[in-house]
Each structure stands twice: as structure tokens, then as C-alpha cells.
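One is the number of the first residue; the rest follow in order along the sequence.
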Amino acid sequence: MAIVRPFVCVRPEAGKADKVAALPYDVYNRKEACEAVKGNPLSFLNIDRAETQFPDDVDTYDDRVYVKAREILDRQIEEGVYVTDGEEDYYLYELTMDGRSQTGVVACCSIDDYVGGVIKKHENTREDKEIDRIRHVDTTNAHTGPIFLAYRQDEAVKEIVAQVKSGQPIYDFVSDDGIGHRVWVIGDRAMVRAVQDAFGRIPATYIADGHHRAASAVKVGLKRREENPGYTGEEPFNYFLSVLFPDEELMILPYNRVVKDLNGMDREGFLKAAAERFCIEELGTEAFSPEEKGTFGMFLEGKWYCLKARPEYMSNDPVDGLDVSILQDHLLDPVLGIGDPRTDKRVDFIGGIRGLKELERRCHEDMKVAFSMYPTSIRELLEVADAGRLMPPKSTWFEPKLRSGLFIHRLG
């Protein structure tokens, strides 16, 4: 059963929360991060991406970058940008996009649950991508970007969430991208125990987004255990910062694909090869977004097409039956020669938040063909994780994104 604990939270002073809150560190390249922090010294991105404090000739992963992150965090805590709550509490974090809201419980989850499989994963991680966050967490002595977890809706948790949200939030602001953010404290001791007990009856939680951050946080915890052989398991480094959302409130956007060329074929040859596996209908110039599984939009030489997988290529397997798998296994690989989408530079991935016009733009500029996808469902994600399987790369795009800096968990 899931261990989901309250924690002593370091968080922005109420009047500064909107200035502190920042999108996750990995949505920016270095140039974009430097631009984003201009004029806002309180943005948490200054800490999450502390290379923004150095000239370009200082490497992003230089030791000085991580030391600077710690310096900024400690200084801003001393200056009162952040406050430290006096007790171990839970928090609710509500995000609203386009009139639709989702509310998660902010808490700390056990590194043992991660290692033991109570926290289920659907992606592999790469060590090179983990190292940066391991160094950041270890040097700052803090978890600063919460891991996005999901759980199957639980009525006890749902009732507590509704009760707490009837009260006054401690933060209530709209970020520059139009996303609404509201936060409540769950500080009543009886209610804290009720939340902990409710999650203690939930058999599993699932990483929705943030696999590399989760792996990095766990590895820092395990490192601290080695450094402290007398640890009891109660130390803060045994837990990592998370926001847990009920599955029924989550929305996954499609993760679309663009490919640089037709693998040596002309338009007619490519369409003929694709037609062996897909029923193809030419639609014209109006952008097409699929409305059912097994259906794909395709933009090629100024025209949109509807591709529908032939029945023999559909599957009930939790991984093979995903639309991203069907496209990869029966078109991108055998027809276009994209054998490994993780490493092949001929394919790129476009989050659904960018819209279909972005697919058209890329095809006019540097790509040849684009595919609009039907989104992976949260049910499919849970089924893959429950089966102990892995999703293909770039299967899910979650919106809205959690902000970093609103909740900080110090490791000791």
C-alpha cells in the first residue's frame, strides 16, 4: 500500500507566489531559460537552471552552477521570499486550464515504494539525464520540482479534497500562460491522519510525468542512506516531493510526430506503401485531428489525409495496441525506416499543446510529413504500468504543467 506522508514545506510568501512559480526546468533550453528569468529575480527558474546566472562560456553542468542554485535558495529563504511551515502538513494544488480543473494532493512519497514497485512506472530513464538532477537535489539539499503522480480515484480522498477546497486558499493566481493556480493547506491534525490513512489503503500510485526527476530523487535518497548507515527511515531524505492526482481528473494531449523525408520514396510511392496497412482518405487543406483509436491525421505536401489502421494491425495488447505503437510498428518503421524513435534524428515530436498548425509549419520549413495522433488515455497508461510494461517514447503529453518553487522539501 502507498506511503504518502505530510511534510514540513518551504514555500513562497503569499504575495510572491506568482513571481516564484516557474514551469519545469526541462521545458527550456539554455537560451530560453535565460530569457525567461530576465526581470524576475524571484522566478524559481533562477534556482532550477542556475546556469542562467553565468555567462555562456560556463558549462551548464559546471560545479559552480549547482553551488549557485544552493546559494540563491538559501539567500531567498533568509530574505523572507520563502516561509517554512511549522508542522508536517499536506497541501492541495489545483490547476485550471480552459475552464477545466484538476486537484492534486501535495505530499512526500517513499523511495522504498519506488524501489518496491508500489509507485509504478511506464518509461525507462537515461542515466545521463538523471545526473544533472541528482547533483541539483544533492547540492541544494532539496526537492524543488514535484513528481506528477496519478492514483485511481478514492472516495475518502475525494471527500477530504472537497471539504478543504470549501475553505480559503493560501495562493490564488493566474500565470502568464493563462493557467489558474490555487493552493490550500491541510493542517487539521485529524484531517492529516485521514489523508494518510486513505492513501495507505491505495495499492499503487503511478508516475504520470517526471520519470527522470523521480529516479534522481530516489538515487539521492539511497546515497544519503549509504552516507548515514544508522538511518531510521524517518529522515526526510527517505521521501520525495510529489503531487498526486486522481485519474479521472487528468487529461492527456496527443504527442504528434513529424518526419524529415519519405525514406527515398516520392509521394505516390509512399502512399502506395502506406495503403498496405492503412485505409487512406484524402481530406484537403483543413487540419484533421483524430477522434477515435486507430485513426491518424497525416499532412503531406499541403494536404491532410485520414489514415485508419486496417483491422489486422489493431491489437488488444496494452502496449502494441497503443496508437503510438501502431503508427511506429506499421508505418514509421517498415515504411519510413524510423527504427528507433529515441535516437533517429529524422523524426521529431510535437506536444499537442502546440496545435496542428505547428505540424503544418514544420512541414513547410524542415520536415516532409506530419502525423496527428489520437491521445493515449490515462486508462491505457495505468494498464501498461500494471502489466509491468513500458510505453514507447513520447506517448503522453500532460497539460497543464506543475509549477516548480511553490513547494520545497528539504532533505535534512
Side-chain angles (χ1 to χ4, degrees), residues 1-11 24-26 47-48 50 61 63 65-67 69-71 73-74 77 84-85 87-91 105-149 151 192 195-197 199-200 202-244 385 388 402 404 407-412:
M1 297 299 177
I3 299 173
V4 178
R5 292 182 50 150
F7 67 107
V8 174
C9 185
V10 179
R11 57 182 180 83
Y25 76 97
D26 52 0
I47 297 169
D48 246 355
Y61 309 113
D63 288 346
V65 170
Y66 303 99
V67 172
R70 174 67 179 260
E71 289 176 357
L73 178 59
D74 288 349
I77 291 173
T84 301
D85 287 337
E87 295 190 274
E88 293 185 340
D89 296 326
Y90 293 105
Y91 300 79
V105 176
V106 186
C108 279
C109 292
S110 166
I111 66 173
D112 291 315
D113 278 0
Y114 180 95
V115 172
V118 174
I119 298 171
K120 298 190 177 185
K121 305 172 278 289
H122 66 267
E123 288 182 10
N124 274 329
T125 57
R126 286 170 36 195
E127 186 177 7
D128 60 328
K129 293 183 69 174
E130 294 173 14
I131 291 173
D132 167 54
R133 285 302 101 177
I134 289 172
R135 295 177 69 190
H136 192 276
V137 170
D138 205 22
T139 304
T140 60
N141 195 40
H143 297 139
T144 57
I147 313 307
F148 187 158
L149 299 182
Y151 63 94
V192 166
V195 172
Q196 192 162 2
D197 290 345
F199 275 104
I202 293 175
T205 60
Y206 303 81
I207 299 178
D209 199 11
H211 281 78
H212 285 92
R213 275 172 284 153
S216 301
V218 169
K219 288 184 177 180
V220 172
L222 296 175
K223 174 177 177 287
R224 295 288 178 96
R225 286 182 173 183
E226 291 181 1
E227 296 167 348
N228 298 273
Y231 75 91
T232 66
E234 295 298 310
E235 298 86 356
F237 59 72
N238 293 286
Y239 303 89
F240 61 90
L241 183 64
S242 306
V243 186
L244 301 101
L402 306 182
S404 295
F407 315 96
I408 297 170
H409 171 239
R410 301 307 294 261
L411 303 190

Hey, could you give me the [atom1]/[atom2] distance between [X] and [Y], rounded to the nearest 0.5 Å?
{"X": "Lys120", "Y": "Thr205", "atom1": "NZ", "atom2": "OG1", "result": "9.5 Å"}
{"X": "Thr84", "Y": "Ile77", "atom1": "OG1", "atom2": "CD1", "result": "6.0 Å"}
{"X": "Lys219", "Y": "Ile134", "atom1": "NZ", "atom2": "CD1", "result": "5.5 Å"}
{"X": "Asp209", "Y": "Glu123", "atom1": "CG", "atom2": "CD", "result": "7.5 Å"}
{"X": "Leu241", "Y": "Cys9", "atom1": "CG", "atom2": "SG", "result": "7.5 Å"}
{"X": "Tyr231", "Y": "Arg225", "atom1": "OH", "atom2": "CZ", "result": "4.0 Å"}

(request) Run the numbers on Glu234 and Arg5 for salt bridge (charged side-chain N to carboxylate O under 4.0 Å, His left out), then give the verdict. (result) CA-CA 11 Å; Glu234 295 298 310; Arg5 292 182 50 150; 2.8 Å; yes
Tell me whether [X] contacts the main-chain N or O of [Y] through its side chain, where contact means a donor paired with an acceptor under 3.5 Å.
{"X": "His211", "Y": "Asn124", "value": "no"}
{"X": "Arg135", "Y": "Tyr61", "value": "yes"}
{"X": "Arg410", "Y": "Asn141", "value": "yes"}
{"X": "Asn238", "Y": "Glu235", "value": "yes"}
{"X": "Arg133", "Y": "Arg213", "value": "no"}
{"X": "Asn228", "Y": "Arg224", "value": "yes"}
{"X": "Asp48", "Y": "Pro24", "value": "no"}
{"X": "Tyr90", "Y": "Val4", "value": "yes"}
{"X": "Tyr239", "Y": "Gly233", "value": "yes"}

Student check: side-chain heavy atoms of [X] and [Y] closer than 4.5 Å:
{"X": "Leu149", "Y": "Cys109", "value": "yes"}
{"X": "Ile408", "Y": "Thr140", "value": "no"}
{"X": "Leu244", "Y": "Phe199", "value": "yes"}
{"X": "Val65", "Y": "His136", "value": "no"}
{"X": "Val218", "Y": "Phe240", "value": "yes"}
{"X": "Ile207", "Y": "Tyr114", "value": "yes"}

(message) Between Val192 and Glu88, is the side-chain contact (heavy atoms from CB on, under 4.5 Å) condition met? List the steps.
(response) CA-CA 9 Å; Val192 166; Glu88 293 185 340; over 6 Å; no
(message) Evaluate Asp138 against Tyr66 for side-chain contact (heavy atoms from CB on, under 4.5 Å), listing each step before the verdict.
(response) CA-CA 9 Å; Asp138 205 22; Tyr66 303 99; over 6 Å; no
(request) Give me the ring orientation class for Phe407 and Tyr91: parallel if the planes are under 30° apart, tilted from 30 to 60°, perpendicular past 60°. (result) tilted
(request) Decide if atom CD of Glu227 counts as having more than 12 heavy atoms of other residues, nucleotides or ligands within a radius under 6.0 Å. (result) yes
(message) My understanding is that only residues two or more places apart in sequence, or in another chain, count here; which of them pass side-chain contact (heavy atoms from CB on, under 4.5 Å) with Asp113?
(response) Ala2, Ile3, Ser110, Val118, Ile119
(request) Go through the structure and list residues passing side-chain contact (heavy atoms from CB on, under 4.5 Å) with Pro236, not counting sequence neighbours. (result) His409
(request) Taking all heavy atoms of His143 and all of Val137, pick out the closest pair and write down the distance. (result) CD2-CG1, 3.5 Å
